[in-house]
Amino acid sequence: QVQLAESGGGLVEAGDSLRLSCAASGRTSVTYALAWIRQATGKEREFVAAISWTGANTYYADSVKGRFTISRDNAKNTVYLRMNSLKPEDTAVYYCAARYGGTTTRSNEYNYWGQGTQVTVSS
């Protein structure tokens, strides 16, 4: 199993930047894909970004493409989400999620989830 712990959320203004981090622990010697998935109040979970084990492949939701960047440092077992030009509609709880094997944009195919970190963007 993989345990995940997010950090870096907070309250920012529209146009600001923020970087989220997610540290993985547990069975990290096996290749695993990582993703960021968010959920706004009263809405369903929404895929944001995903990255393959090597980092060579990344995927983004259309709503964040060009503004968000996902990256990972396997030496530190950490994945990052750099968020630029934040908008009020980016307000949500952001979850880090992992799955052994290949990458997917389908949120329900990730088996391991962190507790989430709140990101609030004021207008």
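This one's a predicted model, so the numbers in the text were calculated from it and none came from an experiment.
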**Student:** For L18 and L86, run side chain to side chain contact (heavy atoms under 4.5 Å, CB included): C-alpha distance rounded to whole Å, both residues' side-chain angles, the deciding distance at 0.1 Å, then the answer.
**Tutor:** CA-CA 8 Å; L18 205 58; L86 282 161; 3.9 Å; yes

**Student:** Take atom CD of E13 as the centre, draw a 6.0 Å sphere, and report whether it contains more than 12 heavy atoms from other residues, nucleotides or ligands.
**Tutor:** no

**Student:** Just verifying a value: how many Å separate M83 CE and T69 OG1, rounded to the nearest 0.5 Å?
**Tutor:** 11.0 Å

**Student:** Would you kindly confirm whether I37 and Y80 end up in one hydrophobic cluster when ILVMFWY residues are joined by side chain heavy atoms under 4.5 Å apart?
**Tutor:** no

**Student:** Answer yes or no: is there a side-chain heavy-atom contact under 4.5 Å between V48 and Y60?
**Tutor:** no

**Student:** Show your reasoning for whether side chain to side chain contact (heavy atoms under 4.5 Å, CB included) applies to R72 and S52.
**Tutor:** CA-CA 9 Å; R72 67 189 292 171; S52 62; 5.8 Å; no

**Student:** Within the 4.5 Å heavy-atom criterion, are R45 and W113 side-chain neighbours or not?
**Tutor:** yes

**Student:** Group every Ile, Leu, Val, Met, Phe, Trp and Tyr by side-chain heavy-atom contacts under 4.5 Å, then state whether Y110 and V30 land in the same group.
**Tutor:** no

**Student:** Measuring centre to centre across the rings, with the benzene-like ring taken for any Trp, is Y112 within less than 6.0 Å of Y32?
**Tutor:** no

**Student:** Determine whether the side chains of T91 and E89 contain a donor N or O and an acceptor N or O closer than 3.5 Å.
**Tutor:** no

**Student:** State, to 0.1 Å, how close C96 and L4 come at their nearest heavy-atom pair, and which atoms those are.
**Tutor:** O-CD1, 3.5 Å

**Student:** With heavy-atom distances below 4.5 Å as the criterion, would you say the side chains of Q1 and R27 are in contact?
**Tutor:** no

**Student:** If I compare all heavy atoms of A50 with all of T103, which pair ends up nearest, and what's the gap?
**Tutor:** CB-CG2, 3.5 Å

**Student:** Is the shortest side-chain N to carboxylate O distance from D90 to K87 below 4.0 Å?
**Tutor:** no

**Student:** Taking side chain to side chain contact (heavy atoms under 4.5 Å, CB included) as the criterion, tell me which of I51, L81, V64 meets it with W36.
**Tutor:** L81

**Student:** Could you state whether W53 and L34 fall into the same hydrophobic cluster, counting links through intermediate Ile, Leu, Val, Met, Phe, Trp or Tyr residues with side-chain heavy atoms under 4.5 angstrom apart?
**Tutor:** yes

**Student:** When rounded to the nearest 0.5 angstrom, what distance separates CG in L20 from CD1 in I70?
**Tutor:** 10.0 Å

**Student:** Between R99 and E109, does a side chain to side chain contact (heavy atoms under 4.5 Å, CB included) hold up when you go through it step by step?
**Tutor:** CA-CA 7 Å; R99 69 187 302 269; E109 294 189 6; 4.1 Å; yes

**Student:** Are a donor atom and an acceptor atom from the side chains of R38 and Y94 found within less than 3.5 Å of each other?
**Tutor:** yes

**Student:** Give a yes or no answer on whether the side chain of S63 reaches the backbone of A61 with a donor-acceptor pair at less than 3.5 Å.
**Tutor:** no

**Student:** Please name the pair of heavy atoms, one in P88 and one in A14, separated by the smallest distance, quoted to 0.1 Å.
**Tutor:** CD-CB, 4.1 Å

**Student:** OG of S7 to CD of Q115: how many Å apart, nearest 0.5 Å?
**Tutor:** 13.5 Å

**Student:** Would you say the side-chain atoms of N84 and S17 include a donor-acceptor pair closer than 3.5 Å?
**Tutor:** yes

**Student:** Applying the 4.5 Å side-chain criterion to the ILVMFWY set and letting contacts propagate, would Y100 and V79 be lumped into a single cluster?
**Tutor:** yes

**Student:** G116 and V93: which non-hydrogen atoms are nearest, and at how many Å?
**Tutor:** CA-CG1, 3.8 Å

**Student:** State whether the side chain of T120 and the backbone N or O of L11 hold a donor-acceptor pair below 3.5 Å, judged by distance alone.
**Tutor:** no

**Student:** Could you measure the distance from the SG atom of C22 to the OH atom of Y95? Nearest 0.5 Å is fine.
**Tutor:** 13.0 Å

